[in-house]
Structures are given as structure tokens and as C-alpha cells.
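By convention in this document, chain letters (A, B, ...) are assigned in the order of the sequence lines, proteins followed by strands, and residues within each chain are numbered from 1.
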Amino acid sequence: MKPVNHKAWFLVAPVLLLVAISAIIPLMTVVNYSVQYVGSTGKFAWVGDEWYREVLHSEKFWNALWRNLVFSGVILAIQIPLGVLIALNMPRKGWGVPVCLVLMALPLLIPWYVVGMIWQMFGRVDIGLMGVMLRDFGYNYEGDPMDAWFTLILMDVWHWTSLVALLAYAGLVSIPDAYYQAARIDGASKWAVFRFIQLPRLGRVLTIAILLRFMDSFMIFTEPFAVIAGGDPVFLSTELKQTVELGKKAAMSIIYFLIILAVSWVFYAVMTRNDGEPTSADKARGGGA
Amino acid sequence: MARLDLSNIRHIYGPPGEGEPQYALRHVNQAFEHGGAYALLGPSGCGKTTLLNIISGLVHPSEGRVRIDGVDVTDKPTEKRNIAQVFQFPVIYDTMTVRENLEFPLRNRGVAAAQIKRRVDEVIEMIGLGALARRRARGLSADEKQKVSLGRGLVREDVSAILFDEPLTVIDPEVKWTLRTQLRELQRRSGMTMIYVTHDQTEALTFASGVVVMHEGQVLQVGSPKDLFEKPAHTFVGYFIGSPGMNVLPTKVDGAALRIGEYFAPLTSEPRLRGNPKLELGIRPEFVRLAAEGIPATIERIEDIGRHRIVRTRMLGHSVTALLQEHEPIPADPHLYFEPEGVHLYADSWRVELSGKPAP
Amino acid sequence: MKQGRFAWIVPALYILFLMTPIYWLVAMSFKTNVEITTRFTLFPEALTLDNYAKVFGDERWRSVFANSLMYVSLNTLISILVALPAAYAFSRYRFFGDKHLFFWLLTNRMAPVAVFTLPFFQLYSAFGLFDTHIAVALAHCLFNVPLAVWILEGFMSGVPREIDETAYIDGHSFPSFFVKIFMPLIASGIGVAAFFCFMFSWVEYLIADALSRNAVVPITTRLQALSQASGTDWGVLAAAGSLTLIPGAIVIWFVRNYIAKGFALGRV
């Protein structure tokens with residue numbers, strides 16, 4: 001068990017100070033705006049929950065929220081199974097390992113704006129490889145809103161599936177060989193090995209993957225901004241950017257933040273429900289996380 | 001139930017590279033008779049786990065053949081060999097209950113439901129986990145988990161052999177004793193072939209009727225516990241088995257006796273040797289007497305271990321250990337005397353059979 | 001674990017999928033604008049370095065690269081420096097409110113960046129820091145510090161506490177123990193945390209864009225301005241875009257042996 005030492009606060013103090021500057025003060029500012037009306041002269045007037053009511057009654061807000069949820073749902077449904085499938089088939093030793101890891105991690109380190117740009121250049125019907133190919137196959141790409149959706153989802157899969165794959169790979173290589181040997185002795189099928197050995201062991205990393213992917217896909221802004229330059233489809237983040245009134249913008253931000261917190265918390269609670277019985281490793285760590 | 005034959009097994013880990021190959025197994029020929037209780041005994045790194053994995057098919061030998069009942073299974077995968085194996089550290093299926101864990105090997109092989117139930121009930125009873133049968137395996141303690149692993153190894157009735165790879169390492173000493181006795185009991189009753197890997201001589205000698213002693217990738221001796229004690233075929237066996245281990249001293253042959261310095265230790269007959277091997281005298285501490293005459297020695301330390309006393313002496317520059325009964329007197333000016341029936345001659349570490357045949 | 005003989009096809013196809021759009025970007029960067037807009041060619045017909053020459057020859061392009069690398073490095077440095085002692089405290093001691101604090105730190109990772117752009121602008125303007133490298137670096141700490149604390153805590157918890165005690169018995173003071181003994185032990189963890197800080201700061205666009213105007217224009221802002229202008233110079237855009245891949249690729253190459261563990265944040 002870890003010793004109790006309240007002086008440890010001194011070690012945490014720099015982090016607190018920094019996060020207070022970069023998180024609490026701005027958040028308080030936003031809360032402050034969300035309950036006031038800012039006039040053209042810079043005067044403030046208390047308006048209570050009026051902005052919130054306006055946002056919650058706006059059809060545009062609900063449409064944007066709905067689009068966000070559909071988008072997050074679709075990309076999770078694609079990226080999680082695809083990432084696991086890739087991880088299962090990645091090499092475990094030899095020269096293939098660093099090659100796979102480095103090439104797969106590459107999209108994760110491309111500035112998000114450039115990701116959007118790459119896909120814009122790739123998808124354009126006049127100069128893009130994909131756009132031109134589709135056009136030559138007789139499909140008029142960029143013809144309707146569904147195409148923009150398709151590009152966004154394809155782009156997100158391209159951009160982020162590696163994160164899921166690398167997380168799952170990390171989980172898979174940590175499974176001791178003895179488990180696979182025991183499964184062979186027990187005559188387990190490939191499916192049984194996946195279902196009863198690999199999947200349970202992936203639980204922890206997949207929790208991280210789903211949480212990160214949900215949060216980031218729900219906050220998506222930069223890439224669609226680059227691909228479609230502000231037009232449809234409108235997500236919460238783009239809606240936010242286009243809102244002019246400061247108070248409304250702030251109220252929307254707060255609602256947005258709360259939704260993400262709530263959904264993340266539900267995900268987290270549901271997925272860690274099975275961890276009720278702590279393992280010895282958790283006990284050793286003292287439940288630090 | 002079946003007979004296992006290993007012929008000319010060699011194994012090298014990793015790709016065959018340049019330089020001196022590092023053999024995990026150097027040359028193993030070994031038969032395991034139907035219904036036998038065997039122990040593979042040796043220090044860690046001697047190749048015993050590799051040998052076990054070659055039998056079960058988890059490892060494909062670099063050279064040599066594995067036969068079960070005369071049928072060559074070397075190239076058959078584990079699943080097709082009908083062998084059960086229990087590993088050193090518990091392997092359990094976290095998300096299943098204890099009962100489902102035990103059912104798993106049977107279900108995978110399409111055994112009828114009624115038969116699964118009967119068999120699993122028996123095994124749960126045997127390993128004493130009845131109260132936990134419905135619990136998730138994830139929350140069990142380490143030794144409960146290992147019992148589940150053990151149970152999965154025992155649950156299949158029709159296996160050719162059950163292999164145990166130091167299965168009791170993580171289990172409490174008291175429980176260990178009970179479980180080992182139960183395994184032994186089960187083996188006698190069922191007549192299953194069992195091979196038990198361990199580095200603990202007590203475990204090997206109490207479990208097995210046939211002990212296979214291994215060292216540095218080869219089998220040094222196969223025999224009953226009595227054989228290993230009375231006629232260690234290799235100096236390593238003498239040293240490794242018995243506590244304290246056998247004394248080994250450099251020597252020369254002089255007729256029907258061994259010469260150490262200017263002193264002689266008599267042999268039962270005159271040995272015949274080929275070539276010019278390195279000669280050593282081996283004698284277990286049980287056969288070393290402290291007497292008034294013999295080879296002069298100085299006593300360095302006496303350890304009292306209850307009914308015996310271990311006397312560490314120095315004799316002509318070599319340390320020699322003697323094991324004395326509790327009340328046996330220690331002479332003031334001690335000399336060592338070697339009882340002839342306990343004296344063995346080793347040529348290049350291998351025991352020379354004194355009927356006159358040179359060792360291989 | 002035995003994999004099928006054709007298992008390699010899955011990652012191979014996936015990598016092909018990843019590389020195709022990147023290839024298109026790089027291929028475009030070696031084409032002339034005439035070739036890009038008038039002919040559809042899979043390979044550059046006349047390989048040209050003009051686009052790169054334009055990027056390197058233009059002071060504005062050079063400065064945006066320098067700006068981005070500057071605030072990213074600053075942010076990585078700050079994040080690691082403040083996260084190290086905090087992670088040590090979380091991994092070694094229990095103290096008043098530790099668990100809540102840890103969880104609260106993590107929730108900051110969930111804060112939608114779009115929400116914070118406006119208050120950030122006002123906050124840093126108030127301190128006269130608007131349009132400086134340090135402002136962007138500090139703002140990125142919002143999501144990087146919690147992440148760094150989390151990763152480092154995972155790695156530190158893997159180091160047995162006995163090592164600390166032995167060091168104190170040997171007469172080390174806390175700072176000397178921390179720098180000379182403890183930090184080398186978690187070097188790979190520091191590498192992984194730095195990698196993630198670098199990654200998230202480097203790829204971020206919204207905050208960097210909102211906190212800069214003239215002095216600290218990040219590369220992505222310039223790319224955006226140019227790609228939405230009329231008569232886009234595709235070749236130069238592709239060349240500049242291709243150059244943004246390089247820092248990431250270099251960083252990945254350095255941490256390639258820790259990627260697997262790093263992506264599980266030291267907690268597999």
C-alpha cells in the first residue's frame with residue numbers, strides 16, 4: 001500500500017496551476033458569458049438560462065447533435081472491429097513489426113488540417129486520384145451530400161483506425177504464450193481463442209480506444225472544415241464556429257462539453273463494470289487510476 | 001492410454017544459424033510405457049519443458065520422431081495428438097466460470113452433454129472446488145486458478161497421456177502435498193500415463209515410479225528412485241539427487257582399488273577402461289564413515305539436522321561430506337573410511353559398471 | 001500465437017490504403033501545376049523540384065515551419081517538466097483528494113477544444129501573450145499535461161518502490177535521486193509521453209490558429225489560407241503538405257520500439 005503523504009501536493013502543484021490557467025479560467029469565462037447578453041458597446045446584462053433555452057429549442061442544434069452521434073456511431077462501428085482485425089493479423093516478430101508500426105502510426109502524426117487537405121486533393125473529381133477514378137467508372141462523385149459523408153467517414157477511418165489497431169496490438173502482444181498453448185491443448189477453435197482469450201484481454205485497451213475515438217470524433221472540426229470548407233454536413237463544432245452571438249456560443253459550448261462528459265462517463269462506467277473484482281495487478285497498483 | 005516413444009530427438013531454438021548450435025535437446029531416446037508415472041527431473045534450463053512441449057506438439061523438434069502407440073505424430077498438431085498438458089503458471093479463461101473452464105476442453109471435442117456433466121462433477125470434486133463452481137474464474141486466488149488449470153488437464157478421460165509442467169509451483173506447501181498425493185492416487189487408479197516435470201527431487205521421487213534425470217539437454221539416467229540413489233549413472237545425478245549430494249573426488253585406478261593420493265579405497269571388482277578417461281570416485285555421504293583409521297581429514301563444520309548430522313570435512317585438499325547417525329561418535333583424530341559397496345568409479349563423468357564392462 | 005499463412009494480407013492491404021492518399025499528395029508535389037490541372041497522371045511526367053524550391057525560397061513558408069516546431073517543442077518540454085513530479089506523487093503517495101484530482105485531470109482531455117478557443121483568445125490577450133509561441137504552448141497543455149501525467153504514472157508504477165528507499169538509504173537527496181536514478185529508469189516512459197505531447201500539439205489546428213495572427217502563424221493556418229484562395233497553387237500546397245509529414249515520421253522512427261507499449265499508455 002502506498003504511504004499517505006500530504007506533502008505530495010507540492011509535487012502536484014505545478015500541474016494544478018497550469019491546468020487551472022488553461023482549463024478552469026477559460027471554462028469559468030465561458031460559463032460567465034453563457035448567462036449574459038453582450039451588447040455591441042461591450043456592456044453585459046444578466047439573462048439567466050435564456051441562451052440555454054434558445055439553444056435547446058433550436059432545430060439546428062438538435063440536427064447537428066444527431067449528425068454528430070450518427071457520425072461517432074458509424075466510425076466506432078467501423079474502426080473498432082477493423083482495428084482489432086488488423087491487430088490480429090499483424091506480424092509478431094521480424095522486420096515486419098517496425099515496418100507495420102511506423103507506417104500505421106504515420107497518419108496519426110499528420111496535422112489534422114493537412115489530413116483534410118490530403119483527402120480534398122485525393123477526392124476531387126478534377127485532380128484527385130479517387131475522384132477521377134470514380135468519375136471514370138461512371139459515378140458522379142461530389143454529386144450529393146451523401147458523398148461528403150462518405151468522404152468524411154472514409155477519411156476518419158483512414159486517419160484513426162491505426163490508433164485502435166496499435167492499441168489492440170499492444171494488448172495482444174501482452175498475452176503470455178502459455179494462453180495460446182493451453183488453448184491448443186484444449187482443442188479450442190480460432191474463434192474460441194479470440195472469444196475467450198484475446199477479446200477479454202483486449203477489454204482494457206479497447207476501453208481506452210473507444211473513449212478516445214468517441215471524444216475525438218464527437219469533437220471533429222478541423223478535417224471536415226478542410227474537406228468541405230464550411231458547407232454541409234454541419235456538426236456541433238462547425239455550428240459553434242458559425243454562431244455569432246457570444247452568449248449563445250458560450251451556452252452551446254457548455255452543453256456540448258456536458259454531453260461529451262456524460263456520454264464518456266456512461267461508456268466508461270458500462271465498460272469497467274466487469275472490473276468489479278480487482279485483479280492482483282490492480283491491488284498492487286493501489287487503484288491509482 | 002498409450003505408449004510414447006521419442007527417438008533421436010534434437011532441438012535447437014531459433015533459426016539454424018552460423019556458429020556453434022545451441023542445443024536445447026542434444027540427443028534424446030526415451031520411451032514412456034503405457035500407464036507409467038514418470039518424472040522429468042533436472043535443474044532449470046536442462047530442456048525438460050522443451051521435451052514436454054515436443055511430446056504435446058507445441059514445439060516441433062529440429063530432428064527426430066515422436067510416436068504414440070507406434071504411430072508417428074511428429075508432424076501432427078497438438079489438437080490432433082490427444083494429449084493433455086498443465087502449465088507451470090495458471091492459465092484460465094477469465095470470463096468463464098470455474099465450471100465452464102472445466103467443460104471447455106470437452107465441449108471443443110464435441111463430447112455429449114450428459115457425459116460432460118458427469119465428468120466435470122467428478123473433477124470438481126477431485127480438485128475440491130465444488131463451492132466455487134459457479135464463480136467467475138477471474139476473481140480466484142492464484143492456487144485456486146492453478147487447480148482449475150489442473151482440472152482442465154484431468155477432465156479428458158481418453159487422453160494418451162497427461163503432461164504436467166511444474167504444476168504446483170504457485171501452490172501453498174501444505175496443499176501441494178495433498179494435491180500431489182491425489183495425482184499419484186489418481187494415476188494408480190486410472191492407469192493413465194502421466195509425465196511430471198519438476199526440478200524438485202522430493203516431488204519427483206514421491207510422484208514417479210520412473211524418474212528421468214536430465215541435464216544440459218540430455219537424459220542422464222532413467223530409473224526408479226532407488227536406482228538413482230544407489231547407482232547414479234552420472235556424477236551429476238549423484239550430485240543432484242540426494243541431500244547432501246554425492247562426493248566426487250579425482251582418483252586413479254590401481255587394480256581392484258581406487259587410489260587417492262597415497263591411500264586406497266577398495267572396489268568390488270577390477271574395472272576395465274578404454275582409452276584415457278578422466279577418472280573420478282563417487283561416494284554418497286551415507287557411505288562415508290568417520291573412523292580412527294583411514295584417510296586423515298579435518299572437520300570443518302557439523303550441521304545437526306535432527307536424526308542425522310552432516311559433517312563437512314576436508315581431506316587431502318578436497319571437501320568430503322559425511323552423514324552420521326545422531327549418536328554416532330566423532331573421533332578426536334578423525335579418519336575417513338569409504339564403505340566399498342558405496343564406492344563408484346566414473347570415467348568422463350559416466351559410471352563404470354564394475355562387473356567389468358566399460359561405460360558407454 | 002499461430003497466424004494463418006496469409007495473415008500478412010490484412011495489414012498489407014491496410015497499409016496500401018493508408019499510403020495511397022499520401023502517395024497522391026507526394027506525387028502532386030513533384031508535378032507542375034499544368035500537369036496537375038490538365039492531365040491525369042499516376043506518376044509525375046516531368047519530375048520537378050520547383051514546388052519545393054518555392055517553399056524553401058519563401059521566407060513566409062520557412063517561418064511557419066519554424067513557428068510550428070517552436071511551440072510544439074516548448075509545449076512538449078513544459079508538459080513533461082510539470083507532469084514528472086505530479087506523476088511521481090500519484091504513483092508513490094496517497095494524499096488528500098488524490099483520486100478525484102487524477103480523474104478531474106483526465107476529464108480535461110475530454111474538453112472540446114472548439115469550446116475553449118474564444119476564452120483562450122481573451123485570456124492570453126489579457127496577459128499580452130496573444131500571438132506568441134508560449135501562448136500556444138501553454139494552451140496545448142490543456143490536453144497534453146493530463147495525458148503526460150497519465151502515461152508517466154503508468155510507467156512509474158512499474159518501478160518498484162524499494163528502489164526509492166534504497167536510494168535514500170544510500171544518501172541521495174530527493175532531487176538527486178529523481179534525476180540520477182529514477183529518470184533513467186523511466187526513460188522509455190518519458191519518451192512515450194513526449195511522443196504523445198509532440199503528436200497532439202503538432203496535429204492541433206484550432207487553438208494554434210485562434211492564438212496567432214502575424215508573429216506565430218502555424219503552418220496549417222497558412223495552408224488553409226492558401227487552399228481556400230482562388231487560383232490555388234496546388235503544387236506548392238502539396239509540397240508544403242508533404243513537408244509536414246516529415247517531423248512526424250522522424251519522431252515515429254525514434255520511438256518505434258516503444259510504440260506498442262506506448263499506445264497502451266504503459267498500462268497493458
**Prompt:** Should we count CD of Glu125(B) as having more than 12 external heavy atoms under 6.0 Å?
**Reply:** no
**Request:** Before accepting this row, confirm whether a basic side-chain N of the pair Glu166(B)/Lys48(B) lies closer than 4.0 Å to the acidic partner's carboxylate O.
**Result:** yes
**Request:** Any chance you could lay out the side chain to side chain contact (heavy atoms under 4.5 Å, CB included) test for Gln182(B) and Leu186(B), step after step, and finish with the verdict?
**Result:** CA-CA 6 Å; Gln182(B) 279 176 352; Leu186(B) 175 78; over 6 Å; no
**Request:** State, yes or no, whether a side-chain contact exists between Gln181(A) and Thr78(B) at a heavy-atom distance under 4.5 Å.
**Result:** no
**Request:** With a 4.5 angstrom heavy-atom cut-off, could you sort out which part of Arg156(B) is near chain A: side chain, backbone, both or neither?
**Result:** side chain
**Asp72(B)/Arg65(B) ion pair, N-O < 4.0 Å** = yes
**Asked** Is there side-chain contact between His11(B) and His60(B), with at least one heavy-atom pair below 4.5 Å?
**Response** no
**Asked** Among Ile80(A), Val74(A), Ile75(A), Leu76(A), which residue meets the side-chain contact (heavy atoms from CB on, under 4.5 Å) test with Ile78(A)?
**Response** Val74(A)
**Asked** Aromatic rings Trp119(A) and Trp158(A): how do their planes relate, parallel, tilted or perpendicular, breaks at 30° and 60°?
**Response** perpendicular
**Item:** Close side-chain approach of Val84(A) to Leu88(A), heavy-atom, < 4.5 Å
**Value:** yes
**Asked** Taking atom CZ of Phe194(A) as the centre, does the number of heavy atoms from other residues, nucleotides or ligands within less than 6.0 Å exceed 12?
**Response** yes
**Item:** Arg3(B)/Asp5(B) salt bridge by N-O under 4.0 Å criterion
**Value:** yes
**Item:** Region of Ile83(B) in contact with chain A, defined by heavy-atom distances below 4.5 Å
**Value:** backbone
**Complete:** Within residues 86-100 of chain B, the residues sitting under 4.5 Å from chain A by heavy atom, in sequence order, are Phe87(B), Pro90(B), Val91(B), Ile92(B), Tyr93(B), Asp94(B), Thr95(B), Met96(B)
**Asked** Which residues from residues 145-154 of chain B are near chain A, with near meaning under 4.5 Å between non-hydrogen atoms?
**Response** Arg152(B)
**Asked** chain B: which of Ala188(A), Ala183(A), Ala192(A) shares the most heavy-atom pairs with it under 4.5 Å?
**Response** Ala188(A)
